There are 2 protein chains.
Amino acid sequence: MLTYDNNQPLYKQVIADIKKRIINGDFSHNPQFPSTRELAIAYGINPNTTARVYRELELQQLCYSKKGVGTFLVNNGQLVNQLKKTMADKLLDSFLSNMSDLGFTKNEIIKKIEKGGKT
Amino acid sequence: MLTYDNNQPLYKQVIADIKKRIINGDFSHNPQFPSTRELAIAYGINPNTTARVYRELELQQLCYSKKGVGTFLVNNGQLVNQLKKTMADKLLDSFLSNMSDLGFTKNEIIKKIEKGGKT
DNA sequence: ATTACTGTACTATATACCTAACACAGTAGT
DNA sequence: ACTACTGTGTTAGGTATATAGTACAGTAAT
């Protein structure tokens, strides 16, 4: 489950988590998202917040909502790869920029990754 | 200068920036920080916010304030290296965790860094 | 003492975020 | 029609963030 980070709005953290689930293929067989109320219970947050999550995701054209029916992942074959690339690039840019500000060179960063991470 | 990120409180962004400046050696010759009012002008923010920045930095024992005099970097030789390591580790952990969630392996990440970044 | 800086504290105002508690409209199965 | 789900909208209250404006106390140089 999501461990919340107080430095960022809840709804944005949930959005990021949903995107990860999309990339992970959680909705490849069934494109229907949990209802706003279900999602609220699952994440332990308020239904108003999950409604906002779906509203934002719909603005980003990642899903569409039908009143009385549900919210569904858009049918777009390229979407998952695009999303994965976009999110990774954003993470990478931010990470490299911050590490550069701390005085690390690219080689030092790579060494640190080889040593440190478990993945 | 700092380009602000709406996803995080201003005062935390300024704190991170000051820490980078400490690591960068900006205060190695003169340990006195700009006054709260000067810093506010420099960053284009409110003096109350810069006062909060120094208050938090003092809580983290990175500086101390003398009423009527100013705010000064603590005299601690190990501090810069410790700070650099702490911040880098935090960045690295967060980055690797997020990239792992997106399905990237360590080797893929390293390749991406070798290709992408400019540093 | 006066002046001009410091840090610090306070009130007020505005906004974003989050929760709570509803209400209403649309859809589908019975 | 009834029931039980959907999405959606509204009002209210609480907290955190940031600004604006003002005030006061401590320090140092003149």
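Below, chain A is the first sequence line, B the second, and so on; all start at residue 1. Just so it is clear, the model here is predicted, and its values are computed rather than measured.
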OP1 or OP2 of D/dT6 less than 4.0 angstrom from a side-chain nitrogen or oxygen of A/Ser65, does that happen here?
no
When the distance from OH of B/Tyr64 to P of C/dG7 is rounded to whole Å, what number comes out?
13 Å
When you check every protein heavy atom under 4.0 Å of nucleotides 24-30 of chain D, what one-letter string (B, S, -) results, 5' to 3'?
-SBS---
Here the distance between atom C1' of C/dA16 and atom CD of A/Gln8, to the nearest Å, is 14 Å
Distance check needed: D/dT17 C1' versus B/Arg55 CZ, whole Å only.
12 Å
In whole angstrom, what separates B/Tyr11's OH from D/dT19's C1'?
16 Å
For a quick check, tell me whether the side chain of A/Asn46 and the base of C/dA21 share a donor-acceptor pair closer than 3.5 Å.
no
Sorted by chain and number, sequence neighbours left out, side chain to side chain donor-acceptor pair (under 3.5 Å) with B/Glu56 holds for none
Do the side-chain N or O atoms of B/Thr71 get closer than 4.0 angstrom to the phosphate oxygens (OP1, OP2) of C/dG7?
yes
Compute the ring centroids of B/Phe33 and B/Phe72, then answer whether they are less than 6.0 Å apart.
no
Select base, sugar-phosphate, or nothing to describe what A/Gln32 touches, counting heavy atoms under 4.0 Å on all strands.
nothing
Report yes or no: is there a donor-acceptor pair, N or O only, under 3.5 Å between the side chain of B/Asn48 and the base of C/dC10?
yes
Within the structure, does a side-chain N or O atom of A/Thr49 lie under 4.0 Å from either OP1 or OP2 of C/dT19?
yes
